[in-house]
Amino acid sequence: MRPGKKPAHLAMAGAKLPRQSIWEAIRTLSNSDVALTTYNVSRRSGQDDEAVRDYMRALAKAGITQQLKSMGRRDAIWSLIKDEGAEAPRVNKRGERQPYDAVECIWRALRILGELNAVDAKAQAEAGGAKITENGARIYLQGLALAGYVSREGGTPGKPAVYRLLPGRYSGPLHPVYQRCNYEQVFDQNLCEVVWVKGQTPEQTDLASLRIENDRFRKLLAELKTARPLVLYGDAWIEEIKAVLGEPAEVTQ
Amino acid sequence: MSVSKIVPLTNVGLLASAIERATLRPQGLPGLIVMYAPSGLGKSVAASWAANQHRAYYVECRDTWTKKAFLLAILRDMAILPGRTLSEMVDQIAEQLSRSGRPLIVDDVQYLLDKAAANVLTDLYNASQGTIVLIGEERVPASLAKLERLHNRVLEWVPAQPATLEDMQQLARVTYPHVTMADDLLTAMQREVKGCLRRVAVNLYRVHTEAQALGLDSIDLATWGKRDWFTGQAPARRAV
């Protein structure tokens, strides 16, 4: 960056974890005239004061922020020393950097290589310094297969299953999360929605992938709408697409 | 059959160590790394390994891409909401690259270099001073030589190496642990495939199936005999 230049506005797309919202608020406030206080960050990001305070303290231990002045028990004025870009730094309360998820590496490798088996997926995650067992990698890939992101080939004795990313199903760089705590479901962070729930409808797998396509078409439609001037027949065309897509409520059912 | 194994292959190590050196380079040195080789030598595996190791941003270029498409693809991989104009997008990418310190890997860059979009690369590099890795086919150095401003910002040229005997031994050991393949067999295979890792994978699979059919747990050149190797050539027409 050239010194003295106003920084570009960086906001992350997709679903936001609480700390991501807090981090974005910190960056916005530190570039503005408004004071960077725990209170302001909390109001701006819509997170609890305690959550903001804890994250601020963790960042301070990691040398990213610094407390300038304490204002009572809850509030304090901070300054951002080291801006690390759009993504919220992953630190624990002792200020130590936390490793990134193994599934993030698997999702990235799937996108670059196109296909993976569980053994390769484990090796790719280890390349990124994350730990996962071969079985863990298989479970994740299987979850992606259930949600319609990848197709599965093989999986018979002597022939390990190969999972291939379906073209057009890549929804973005943030990995889908296979949640298996109470009930199994797959959450897509890029689309910010649950794309698959176990046992909801029989053809759920097809629906999940259709939803990703639907989202893409909606974006295209929005782009088409803003792309003025359009000739009359262009408008008619949009109406046609709208009719095919139907109301949002119908499609996301 | 693709080669997605990351047993310590030569090319994987070459790219990983080049990026390592670039991220640790002293202030003032250029930060562009160029890896080039014909298709099938394991560039993508190297890219994937390096991308995971350094949490790099990764874009794969297409022939149809314009400047805007290129910038949008990078912003998409960064998961950043794109700005309205091209210049805003360049600022966003440059800021994110320099702030986060994560490298950017541009695969199949040969599609980009002959177009106006190549100048965007120079802009991105100048504005961010980050580490940018260009990966492409063999004519990439020649195309780059025409782009004077980009060419002199290259820190390191990394020509991908054809598969070595060690690579093939490693690959055979990891992929088919139950079949021992003799070195003379692998040397013969190496001569035929001319170092193309993708064809090595196909041939290893052939050797494996043949060994299974013969009920052997180790195989050498004498046992393999005059059987064909897969070289990518279509079979020649046989005159009757």
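Please read these numbers as outputs of a predicted model, since none were measured by experiment. We name chains A, B, ... by the order of the sequence lines, and we start the count at 1 in each one.
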Which residues in residues 206-219 of chain B have any heavy atom closer than 4.5 Å to a heavy atom of chain A? none
Chain A: which of His178(B), Glu60(B), Arg76(B) shares the most heavy-atom pairs with it under 4.5 Å? Arg76(B)
Select, from Leu75(B), Ile80(B), Asp107(B), the one with the greatest count of heavy-atom pairs under 4.5 Å involving chain A. Ile80(B)
Can Asn119(B) and Arg149(B) be counted as having a side-chain donor-acceptor contact under 3.5 angstrom? no
When you compare the side chain of Val90(B) with that of Ser87(B), does any pair of heavy atoms fall below 4.5 Å? no
Does NZ or CZ of Arg108(A) lie under 6.0 Å from the centre of the six-membered ring of Tyr58(B), at an angle within 45° of the ring axis? no
Residue part contacting chain A, namely of Ala56(B), when any heavy atom lies under 4.5 Å: backbone
So does Glu87(A) pair up with Arg55(B), basic N to acidic O under 4.0 Å? yes
Under 4.0 Å between a side-chain nitrogen and a carboxylate oxygen: does that hold for Arg90(A) and Asp101(A)? yes
Salt bridge (charged side-chain N to carboxylate O under 4.0 Å, His left out) between Lys219(A) and Glu223(A), intermediate numbers included: CA-CA 6 Å; Lys219(A) 272 187 198 142; Glu223(A) 245 177 57; over 6 Å; no
Taking NZ in Lys16(A) as the centre, count heavy atoms belonging to other residues, nucleotides or ligands within less than 6.0 Å. Is the count above 12? yes
